[in-house]
Chemist: 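Mind looking over this structure? Questions follow.
As a basis for the values below, the full set of heavy atoms in this structure was taken, side chains included, without hydrogen atoms, waters or symmetry mates. Order of the sequence lines fixes the chain letters, A, B, ..., with proteins taken first and strands second; residue numbering starts at 1 for each chain.
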Amino acid sequence: MKIASWNVNSLKVRLPQVLAWLEQARPDIVGLQETKLTDENFPAEALAEAGYQSVHSGQKTYNGVAVLAREPITGVVTDIPGFADHQRRVLAATIGDTRFINLYVPNGKAVGDEKYDYKLAWLSHLREWLAAEQERHPRLAVVGDFNIAPEDRDVHDPEAWRERILCSTPEREALQALTGLGLRDSFRCFDQPEGTFSWWDYRMNNFRRNRGLRIDLILTAPALTERLTASYVDREPRAWERPSDHAPVVAEFTV
DNA sequence: ATGGTCGGTAGCCGA
């Protein structure tokens with residue numbers, strides 16, 4: 001089994017790249033973030049022709065998350081239970097015996113901003129939900145754009161980013177609270193090249209200079225962690241014409 | 001040198 005996560009930064013613009021990547025990578029389950037589409041504009045037919053069933057929780061202009069899968073999708077949940085939010089950032093689904101939770105974690109804008117407080121509150125509620133989900137579904141994968149670089153080695157210039165948004169200690173502690181539930185950052189279950197990132201700002205030729213952050217993650221519960229065979233960032237689509245500012249991240253498993 | 005680029009949308013906001 002091969003699963004993936006990709007912040008596409010507008011699925012309207014990025015559909016050709018997404019279809020090309022699905023064809024070459026052939027993942028079984030994919031979480032997309034920042035589709036920026038309403039449900040009626042979601043390209044379900046084009047994805048079906050590519051061999052993927054899909055569910056979408058959409059919103060005009062902002063956010064929007066989708067799950068694509070080769071097998072039937074059931075058990076769809078679109079909100080963190082008990083956390084009312086009009087922002088479409090959550091999409092949980094069951095495919096086979098895998099529970100797949102796709103997240104677009106709030107960016108937070110800047111440390112101390114009201115959006116930062118929303119981000120930390122959101123992550124606190126997420127932790128409570130994931131603790132319960134893991135009880136119900138041992139084969140749990142939590143994927144998405146977490147908008148948090150877990151450690152300094154996930155940041156091209158840690159000193160420049162020290163205690164800034166995406167890297168602050170409270171954000172990292174909120175992420176560690178998820179790994180404290182037994183969810184592992186699958187990427188770190190393997191030796192990895194230094195300077196591996198998943199997001200590069202469009203400005204300043206940051207991709208060419210590899211000035212990025214690793215903020216797109218695939219977390220796995222023990223029943224999946226023990227079946228992990230690989231976890232990596234696929235940088236290739238970031239180098240394509242008219243790219244998203246994020247690259248897809250991938251995890252592979254035995255069965 | 002404190003900006004720079006995208007995308008959505010129509011003057012800026014969000015990332």
Chemist: Specify the residue among A:Gln87 and A:Arg242 whose closest nucleotide of DNA chain B lies further upstream toward the 5′ end.
Modeler: A:Arg242
Chemist: For A:Asn7 and B:dG7, give me the distance from atom CG to atom P, rounded to whole Å.
Modeler: 12 Å
Chemist: For the side chain of A:Arg203, starting at C-beta, report the closest nucleotide among B:dG8, B:dG14, B:dT5.
Modeler: B:dT5
Chemist: Between A:Asp245 (side chain) and A:Trp199 (backbone), is there a donor-acceptor pair under 3.5 Å?
Modeler: no
Chemist: Let me know the distance between CG of A:Leu11 and P of B:dC6, rounded to the nearest Å.
Modeler: 19 Å
Chemist: Whether the side chain of A:Arg89 engages the backbone of A:Tyr104 through a donor-acceptor N/O pair (distance < 3.5 Å, no angle test) should be reported.
Modeler: yes
Chemist: What nucleotide, of B:dG8, B:dA15, B:dC6, holds the atom closest to the side chain of A:Tyr202?
Modeler: B:dC6
Chemist: Between A:Asp79 and A:Ala84, is there a donor-acceptor pair closer than 3.5 Å when you use the side chain of the first and the backbone of the second?
Modeler: no
Chemist: From the options B:dG14, B:dA15, B:dG8, select the nucleotide whose nearest atom is closest to the side chain of A:Ser10.
Modeler: B:dG8
Chemist: Measure from NE2 on A:His246 to P on B:dC6 and round the result to the nearest Å.
Modeler: 14 Å
Chemist: Does any N or O in the side chain of A:Arg211 come within less than 3.5 Å of the main-chain N or O of A:Met204, such that one atom is a donor and the other an acceptor?
Modeler: no
Chemist: Establish, from distance only, whether the side-chain atoms of A:His137 and A:Thr94 form a donor-acceptor pair under 3.5 Å.
Modeler: no
Chemist: A:Lys109 side chain N/O closer than 4.0 Å to the phosphate oxygens (OP1, OP2) of B:dA15?
Modeler: no
Chemist: Reading DNA chain B from 5' onward, which residue's closest nucleotide shows up sooner: A:Gly108 or A:Asp201?
Modeler: A:Asp201
Chemist: Starting at atom CH2 of A:Trp240, determine the distance to atom C1' of B:dC6, rounded to an integer number of angstrom.
Modeler: 19 Å
Chemist: Using the P atom as the point on both nucleotides, what is the distance between B:dA1 and B:dA10, in whole Å?
Modeler: 38 Å
Chemist: Using a 4.0 Å heavy-atom cut-off, does A:Phe207 contact any base of the nucleic acid, only the sugar-phosphate backbone, or nothing at all?
Modeler: nothing
Chemist: Please pick, from B:dG8, B:dG4, B:dG14, the nucleotide with the shortest atom-to-atom distance to any side-chain atom of A:Met204.
Modeler: B:dG4
Chemist: Over how many whole Å does the gap from A:Arg89 atom CZ to B:dG14 atom P extend?
Modeler: 12 Å
Chemist: A:Asn205 has an atom CG; how far is it from atom P of B:dG3, in whole Å?
Modeler: 19 Å
Chemist: Given B:dG7, B:dA15, B:dG14, identify the nucleotide with an atom nearest to the side chain of A:Asn9.
Modeler: B:dG7
Chemist: In whole Å, I'd like the distance from the CG atom of A:Leu166 to the P atom of B:dG14.
Modeler: 16 Å
Chemist: Could you state the CG-P distance from A:Asp145 to B:dG14, rounded to the nearest angstrom?
Modeler: 17 Å
